[in-house]
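Okay, so here's the structure we're looking at.
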Amino acid sequence: MNASSWLELKTEAHRQLVEACPLLVDIPLKRIAALLTIIALSGVRLSARTIAGRLEPDLSTRPSLHADKLAQYLLQGIVDALTDYVSHARHNVEVNHGSWLDSHGFTELIADLLVRGAAHDQLSALANVVARAVEKLRVRIDALCDTHLEDILARDLPHASSLPKTLTQNAEWMLAPETSGDPRRVMVLVRRLQAMQMYGALASTLRDPDITQAVDDGEPLAPLLMAKHGLTNAELRAVREARRLHRVIVQPTDFAIAVEELKAHEVPLTEWPGNGQPGQPEAWGGSVWLKMPRNHLIRPDYVGDQADGVKDAMNALRDDLLRPLVAERLRLGAFERIRPLETFARSVELGGSGGGGIARRKLLAAIRSAVVGPRRAKAFREAVARWHRRVASLSALRHERRARRPGWPELCAPWRSECGHFEIVALSSATDLVEEGRLLEHCVGGYYDICRRGDTQILSLREDGRRVATVEIKLGSEIDAPTLYVGQFQARRNTPPARHLHEPLRDFLSALRSGTHAMNAMKIKRYRKRMQDRWDGSWSVDALPLAYAREVFPFYLPLLPRGTPDTFDAWCAQSGLAGAIDEVLTYLATTSVDRSNGLIPY
Amino acid sequence: MNPTTLPDRAVALLRALDIEEIEYSLSGGGDSGEAELIHVRRRDGAMAYALPDLPVIIDDFGHVATLLFVLDRVVADAPDGDWVNNEGGHGKVWVRPFADETNDEEVIECDMTYGVEDDYDDDDDEFDDDDLDGEPDDDPDDDPPAPASPSAQAGEVDQ
């Protein structure tokens with residue numbers, strides 16, 4: 001680039017504009033000063049250097065812009081944009097040169113030139129000259145932002161040098177933008193880095209203003225974090241250096257919720273990721289505690305690789321035993337019918353920050369005592385598998401025994417493969433499901449409710465007349481072939497089906513989708529409509545009666561720990577469930593009234 | 001005049017072009033709509049059906065927005081009602097740059113008709129029709145069999 005003077009650049013800008021639209025020679029320079037400045041500035045060499053102890057750059061230009069007020073205004077805008085870019089996470093570059101031109105009467109100028117008789121293509125050419133300058137300047141500023149961020153990170157936070165383009169929240173915190181120009185900045189940067197290296201697992205807590213203040217002041221951090229999360233010394237030690245600094249910087253999440261859940265489930269420290277030892281980032285990174293959502297009635301590490309099975313069991317137990325118990329405790333306690341209580345009565349779960357507080361901890365402890373007992377995860381999952389085989393099917397049969405018209409319309413008539421070896425048969429009653437589950441030793445009986453509602457179809461894949469796998473076909477809101485999709489596809493004992501069984505399933509779906517094998521779409525649609533109007537299944541918004549819980553309790557004995565009493569009432573009393581639920585209800589009733597200064601209506 | 005809004009800018013240019021009236025047709029529904037330029041009338045009465053490709057604004061990224069582009073947006077935003085989503089609507093919008101607003105004339109005038117949301121609860125009808133076919137096995141519930149009365153044969157269903 002030639003080192004032209006600022007005046008020469010503006011003269012050249014004027015020449016370009018007049019070349020595009022000759023009538024501009026009649027327009028006073030003052031009227032087109034903004035256009036000239038933008039175009040000239042796009043030809044200026046801009047460079048940014050860091051200033052010791054500050055985030056704002058030292059922006060220099062070649063040539064010098066001297067005392068050109070408009071140009072100085074734009075330069076200050078560029079300085080602000082660069083400073084902003086290195087001070088905030090996920091921040092776009094903010095330069096508003098188009099708006100600035102607007103405010104300097106660009107449209108008025110075009111209208112004026114039109115009135116003076118300018119040709120349309122001349123006005124377009126003029127606009128293009130200006131637009132090219134705006135774009136060129138924008139690209140240059142974007143590049144300056146990236147370079148400035150790299151320079152700042154290299155100087156103040158070298159660990160974040162691999163950050164892609166923009167800051168994360170943690171990187172922003174570690175850069176301490178509010179201390180730019182403050183003599184304490186160097187010390188603050190060191191302290192924040194040390195805090196993140198040590199306790200990056202609780203990064204969001206470190207960013208709390210009060211904790212940040214303590215970090216910056218060099219106060220002892222451990223007591224504050226222990227108080228904030230209700231951790232013991234040993235527990236806090238377990239999360240020390242639990243995350244590599246690089247991940248702390250680049251990832252927006254932390255382990256705070258996982259730690260809350262570990263506390264809520266009262267998991268012994270030796271069973272925390274990394275056995276409760278500090279400096280275990282690999283163990284934490286692969287831990288199920290980071291992957292599972294909140295609100296599990298049992299420890300997520302007890303769910304393991306049988307997520308669906310354990311979830312089914314816990315959902316059934318909640319509907320059959322816990323919800324009737326909650327409804328009964330509500331009745332006995334004569335609680336007001338307020339929304340938080342109603343929500344809890346439906347879900348038997350307590351959410352909220354801090355792991356749900358002491359009430360949730362007690363509830364989870366009671367459920368753990370009642371359902372899991374002293375068993376380890378493996379033993380519990382084996383019990384879940386046993387329960388599935390016995391009870392899920394019984395539940396379906398129990399319901400169908402009560403219905404005068406059992407079953408549901410089958411998806412289609414039996415389908416046979418061209419080779420004649422494979423057959424796919426839609427199952428259309430609880431008896432069918434139970435038989436399939438019994439022969440393949442899996443839990444398809446637990447799908448009774450959704451089949452009965454008309455949301456899903458279960459089909460049996462048979463090879464040479466022998467049952468070899470079970471297919472779940474989920475039905476969309478419209479009953480038509482394109483919306484069908486396969487849910488689960490399981491062979492004996494929920495193992496993956498042999499590869500050669502995928503082919504007939506694909507052929508079957510193709511036959512449905514092409515219409516060569518007819519579906520009972522209308523029949524299912526009518527059925528589903530009827531069930532929506534008057535669902536008679538065991539799923540319901542209302543809790544089942546306590547008598548029902550007492551009746552089905554024996555079916556849950558295979559799931560429950562050794563030594564469980566034979567009756568529902570004894571189980572509730574022995575496990576402390578009733579007392580824990582009462583505490584939760586009281587807690588919800590009290591806090592809801594406190595929060596709202598009145599009852600929350602339905 | 002100091003144009004500050006998008007309509008102001010468009011109107012400023014239309015005045016400079018000596019255009020007296022522009023008529024747009026709007027039609028939309030579902031989640032899409034079209035604004036179509038119908039005619040352009042100059043103050044001398046000459047009619048045209050297109051607008052010159054004039055620049056109106058330059059955005060912060062250096063893109064030029066033309067008069068037609070800006071007017072499309074201005075006109076689409078002019079109706080008070082939502083003519084694009086749900087039941088939508090249709091109608092016309094006129095832009096009259098020389099309208100005397102102090103004399104109750106409108107620079108931008110809309111004449112729109114909006115769709116009325118129908119009650120598409122036709123499932124019951126469908127159900128009745130299906131029942132006419134008579135498939136008692138489809139009924140999963142425990143209703144007693146309907147008597148073979150004329151009303152039942154005509155598709156009466158239990159409530």
Original post:
Is it the backbone or the side chain of A/His120 that comes under 4.5 Å from a heavy atom of chain B, or both, or neither?
Top reply: both
Subject >> More than 12 heavy atoms of other groups within 6.0 Å of B/Phe98 CZ >> reply: yes
Original post:
So how far is it from A/Leu123 CG to B/Leu67 CG, rounded to the nearest 0.5 Å?
Top reply: 11.5 Å
Original post:
Roughly how far apart are B/Leu13 CG and A/Glu108 CD, rounded to 0.5 Å?
Top reply: 10.5 Å
Original post:
Pick one: which of B/Ile57, B/Asp60, B/Ile58 meets side-chain contact (heavy atoms from CB on, under 4.5 Å) with A/Ser99?
Top reply: B/Asp60
**OP:** Starting at CG of B/Leu54, measure out to OG1 of A/Thr107 and round the result to the nearest 0.5 Å.
**Re:** 11.0 Å
Original post:
Does CG in B/Asp44 sit with more than 12 non-hydrogen atoms of other residues, nucleotides or ligands closer than 6.0 Å?
Top reply: yes
**OP:** Verify the neighbour count for atom OH of B/Tyr114: are there more than 12 heavy atoms of other residues, nucleotides or ligands below 6.0 Å?
**Re:** yes
Original post:
Are A/Leu114 and B/Leu17 close enough, and set up right, to give a side-chain contact (heavy atoms from CB on, under 4.5 Å), and what steps lead you there?
Top reply: CA-CA 7 Å; A/Leu114 262 178; B/Leu17 288 166; 3.8 Å; yes
Subject >> Over all atoms of both residues, closest heavy-atom pair of A/Ala111 and B/Ala16 >> reply: O-CB, 3.5 Å
Subject >> B/Glu34 atom CD, over 12 foreign heavy atoms within 6.0 Å >> reply: no
Original post:
What do you reckon, is CG of A/Asp26 surrounded by more than 12 foreign heavy atoms closer than 6.0 Å?
Top reply: yes
Original post:
For B/Arg73, does the CZ atom have more than 12 heavy-atom neighbours from other residues, nucleotides or ligands under 6.0 Å away?
Top reply: no
